[in-house]
A.B. asks: 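Before I ask anything, here is the structure I am working with.
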Amino acid sequence: MLHEPIGIALNAAIKEMGLDEVEINLERPRDPSHGDVTCNIALTLSGRLDKPSRDIAEEIAARVKKDRAGITSIEVAGPGFLNFRLSAVMATSLLDEIVARNEAFGRENTREGSQVMVEFVSANPTGPLHLGHGRQAALGDAIASLLEWTGWQVHREFYYNDAGTQIDKLVESVRVRYLALFGGQGEIPEGGYHGQYINELAESLAEEFGDQFVIDESEKATEQIRNFSVRSIREEQDRDLNDFGVHFDEHYLESSLHHTGRVKSTLEALRETGLVYERAGATWLKTTEFDDQKDRVMVRKNGLPTYFLPDIAYHMHKWTRGYERVINVQGSDHHGTVDRVRSGLQALGLPQGYPEYVLHQMVRVVREGSEVKFSKRAGTTTTLRELYTEVGTDVTRYFFQMRKPDAQMVFDLDAALDYSDKNPMYKIQYAHARMHSIFSKAQIMPEEIEAGSADLSLLTDNHERLLINQLRDFPSVLARAAENRTPHIVCEYLEQTAGVANTWYHAGNPSRNPNLAVLVDDSKIRGARLILARSLQIVLRNGLAILGITAPKRMMQEIANDGT
RNA sequence: GCGCCCGUAGCUCAGUUGGAUAGAGCGCGUGCCUCCGGAGCACGAGGUCACAGGUUCGAAUCCUGUCGGGCGCACCA
């Protein structure tokens, strides 16, 4: 909906030519000299009409009624593009709309009531959150926000794998370190956990329970160590996410799937499909019936389920809770599970593409050109907290979001720590803060700048026109980002907007052209430009809100190092 | 070996779903600059879009193959 009147006028013209209504795709041309709005409809039609696209374009152009479309000119260019120039009124009325809608500008409410679940992070409670979780937290949260902005009712969910063998390994690891505190000699088992945090866990275990587990190796003792360890790690993870500004509506425990009998009932339901068989002592599901490459074991020879079975039970419960749309955000190292989970669900009658997946690639952290590999506490990779404590949560979130999910990314610490607007995140925040600075210099509160309070057709300078057109794109950028589930599109847009805004702002520098400053003497022009400044500030703030990033009224050096 | 993702400027990456002369930031070069808040502004150079075919008015984008990088291919999660 870049510009509705143009679409209507075009379709009217096309109808006159004896054709059915078509979908009009209006875009803003990359090159501003091509006008405000462009349309490639003639090129699309040329194949169907078997006529040169240029001729079709000429014919459409001749039939479009300019005044009703709100344009001052229409021209045919290149192979048959239709380029439009908006009338001053049509071009600038957008600003009144932005100011009037304020926090709601960019929101779409057409889909009221539709529910979607976004499941993300879902780290095992076996250690601190690392970089991959960080990328996933930023990404998942932004995708959830984008869906909210495009009219969905969103449920953010975190799934804790608190029941598998990896938890047993955690317990064994903690026990070994615990015993060592009392002179024990044990070794961390194969596949166990080694980081400093295991020692810390053992120490606080000893603090709380004393030496009672040294001799007590009963089931109950193991259970106590398990509960203590899982709880501690969960608390730490929750703290890390909370301080990162990521919040969930629900934490779903794998263990609950066993307690409530969902695993069992899922197995029974699968048996009824006739796709279950026994082989070599294990119970299999014939997932090759669907999209999978080979059949999968559900219950092992030893009688224990693989994680595959609870996974199906879990997703089945997503469906029965009413989520007909579910997006799972996961690391691409899990992509092997996609086909088998979907196959299992199809066996139970769920639709083929359920659930949707957003798979993201790995992150490497680089400082002074070489990779940062180790974390003091975790022993393996840098933790999320270490990262955002050093560079700040805003920068961390922005950097994780500014690359598309399915590309590997390099997190450059030197670039992240740059406090100038060479750092794209600060560039955007600066542009936002600068508008506040203008308002306070004018001694006016932003909220006092009202829609309809000025004659916007006075905004005739080319810098102003460019900035207005840039702001016009915001809603369609959100729509595209939400549809593709790619927040980086919003980052690109905001950075570009900040760039256009900077050029506009600097053009009015007293040493260059004082007539282009916002705060000129002419009160009419000043009023119009204040509305433009306010509109810019609103769009930047709304965009940053979607990314989970603050929009400061003034920039402070401390922000760069204030992660806590 | 099979499957998924990626390959675009020196570096990090976009590329509006097949459209106009392939873009941005960093870095590099050249000129300005004491200001409505900088760790400033403007301009410029820099490309065989990994390679080879194909599809059509038109391909970085779609199809096939090759090469290179990452990840996965458990009765682990």
Side-chain angles (χ1 to χ4, degrees), chain A residues 25 27-31 34 38 40 43-44 46-47 50 52-54 77-81 83 124 126 161 163-167 169 191 254 279-284 293-294 296-308 310-311 331-339 359-362 366 369 402-412 414-415 418-424 426-427 430 433-442 473 476-477 479-481 483-484 488-489 491-493 495-496 499 502-503 505-512 514 517-520 533 554-555 557:
Chain A
N25 186 22
E27 286 175 5
R28 193 157 67 83
R30 232 177 211 297
D31 184 346
H34 291 147
T38 186
N40 68 348
L43 285 82
T44 334
S46 114
D50 198 26
S53 48
R54 180 124 195 149
F81 290 98
N83 292 338
N124 294 337
T126 54
N161 288 96
T165 53
Q166 79 283 0
I167 298 293
K169 299 280 188 199
E254 183 191 351
R279 194 175 75 199
T283 307
W284 298 67
Q293 300 218 311
K294 54 183 172 185
R296 305 292 169 177
V297 170
M298 295 190 297
V299 183
R300 291 180 263 174
K301 198 158 48 180
N302 62 12
L304 296 172
T306 61
Y307 90 104
F308 172 55
D311 234 25
S332 62
D333 53 339
H334 286 76
H335 78 253
T337 68
V338 173
D339 285 344
L359 302 176
H360 66 87
Q361 299 275 340
M362 300 295 112
V366 168
M402 74 182 180
R403 303 302 183 210
K404 66 179 167 206
D406 50 12
Q408 299 171 46
M409 68 166 289
V410 173
F411 195 115
D412 185 337
D414 303 307
D418 187 337
Y419 187 62
S420 77
D421 67 2
K422 287 173 185 168
N423 180 329
Y426 288 124
K427 177 175 169 179
Y430 264 117
R434 186 172 295 130
M435 295 307 107
H436 275 279
S437 163
I438 293 176
F439 300 147
S440 61
K441 175 136 187 159
D473 290 344
S476 63
V477 165
R480 197 153 45 87
E483 193 185 329
N484 297 330
H488 77 277
I489 290 176
C491 295
E492 293 275 326
Y493 170 78
E495 187 184 352
Q496 200 185 348
N502 282 346
T503 305
Y505 171 84
H506 289 297
N509 185 301
S511 69
R512 303 179 65 200
V518 172
L519 302 179
V520 290
R554 47 188 310 138
M555 298 299 284
Q557 183 73 53

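Only heavy atoms go into these numbers, but all of them, side chains included; no hydrogens, no water, no symmetry mates. Just so we're on the same page: letters track the sequence lines, and every chain starts at 1.
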A.B. asks: Under a 3.5 Å limit for both distances, which nucleotide forms a Watson-Crick or G-U wobble pair with B/rU56, could you say?
C.D. replies: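 Across any shown strand, B/rU56 pairs with none.
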A.B. asks: Assign each of A/Met362 and A/Ser420 to its nearest nucleotide of RNA chain B by heavy atoms, then name whichever residue's nucleotide is nearer the 5' end.
C.D. replies: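 Closest to the 5' end, via its nearest nucleotide, is A/Ser420.
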A.B. asks: For B/rA45, which nucleotide in any strand shown is its Watson-Crick or wobble partner with both distances under 3.5 Å?
C.D. replies: none
A.B. asks: Which of the following nucleotides, B/rA39, B/rG37, B/rC75, is nearest to the side chain of A/Arg554?
C.D. replies: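 Out of B/rA39, B/rG37, B/rC75, the nucleotide with an atom closest to A/Arg554's side chain is B/rG37.
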A.B. asks: Identify whether any heavy atom of A/Ala442 sits under 4.0 Å from a base atom; if not, whether one sits that close to sugar-phosphate; answer base, sugar-phosphate or nothing.
C.D. replies: nothing
A.B. asks: Separation of A/Arg296 atom CZ from B/rA77 atom C1', in whole Å?
C.D. replies: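 After rounding, the gap between these two atoms is 14 Å.
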A.B. asks: Is the base of B/rG38 syn or anti, where syn means the angle lies within 90° of 0?
C.D. replies: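 Syn conformation here, the glycosidic angle of B/rG38 being no more than 90° from 0.
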A.B. asks: Give a yes/no answer on whether the side chain of A/His506 brings an N or O atom under 4.0 Å of OP1 or OP2 in B/rC33.
C.D. replies: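 Negative; the distance criterion is not met.
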A.B. asks: Generate the contact string for nucleotides 19-26 of chain B. Rules: B means base contact, S means sugar-phosphate contact only, - means no protein heavy atom under 4.0 Å.
C.D. replies: BB----SS
A.B. asks: Would you kindly give the CG-to-P distance between A/Asp311 and B/rC75, to the nearest whole Å?
C.D. replies: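 Computing the A/Asp311:CG to B/rC75:P distance gives 15 Å.
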A.B. asks: Does any part of the side chain of A/Val297, heavy atoms only, come nearer than 4.5 Å to the side chain of A/Phe308, both counted from C-beta?
C.D. replies: no
A.B. asks: Base, sugar-phosphate or nothing for A/Lys301? Non-hydrogen atoms, less than 4.0 Å.
C.D. replies: base
A.B. asks: Is any side-chain heavy atom of A/Thr126 less than 4.5 Å from a side-chain heavy atom of A/Lys169?
C.D. replies: no
A.B. asks: With heavy atoms under 4.0 Å as the rule, sort A/Ala280 into base, sugar-phosphate or nothing.
C.D. replies: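 Here A/Ala280 touches the bases of the nucleic acid.
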A.B. asks: Could you tell me whether A/Ser53 contacts a base, only the sugar-phosphate backbone, or nothing, with contacts defined as non-hydrogen atoms closer than 4.0 Å?
C.D. replies: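 Answer is nothing: A/Ser53 stays at 4.0 Å or more from every strand.
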A.B. asks: Paired with B/rC33: which nucleotide, if any, by Watson-Crick or G-U wobble criteria at under 3.5 Å for both distances?
C.D. replies: none
A.B. asks: I want to confirm an ordering. Mapping A/Asn502 and A/Glu483 to their closest nucleotides on RNA chain B, which one lands closer to the 5' end?
C.D. replies: A/Glu483
A.B. asks: Any side-chain N or O of A/Thr306 below 4.0 angstrom from OP1/OP2 of B/rC76?
C.D. replies: no
A.B. asks: Indicate for each nucleotide in nucleotides 2-11 of chain B, in 5' to 3' sequence, whether protein heavy atoms under 4.0 Å reach the base (B), only the sugar-phosphate (S), or nothing (-).
C.D. replies: SBBSS-----
A.B. asks: Under a 3.5 Å cut-off for both contacts, is B/rA74 paired Watson-Crick or G-U wobble with anything, and if yes, with which nucleotide?
C.D. replies: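 Base-paired to nothing in any strand shown.
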A.B. asks: Any non-hydrogen side-chain atom of A/Tyr505 less than 4.5 Å from a side-chain atom of A/Arg434?
C.D. replies: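 Yes, side chains in contact.
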A.B. asks: State whether A/Ser437 places a side-chain N or O below 4.0 Å from either non-bridging phosphate oxygen (OP1 or OP2) of B/rG37.
C.D. replies: yes
A.B. asks: Looking only at atom types and distance, does a side-chain atom of A/Gln166 sit under 3.5 Å from a main-chain N or O of A/Asn161, one as donor and one as acceptor?
C.D. replies: yes
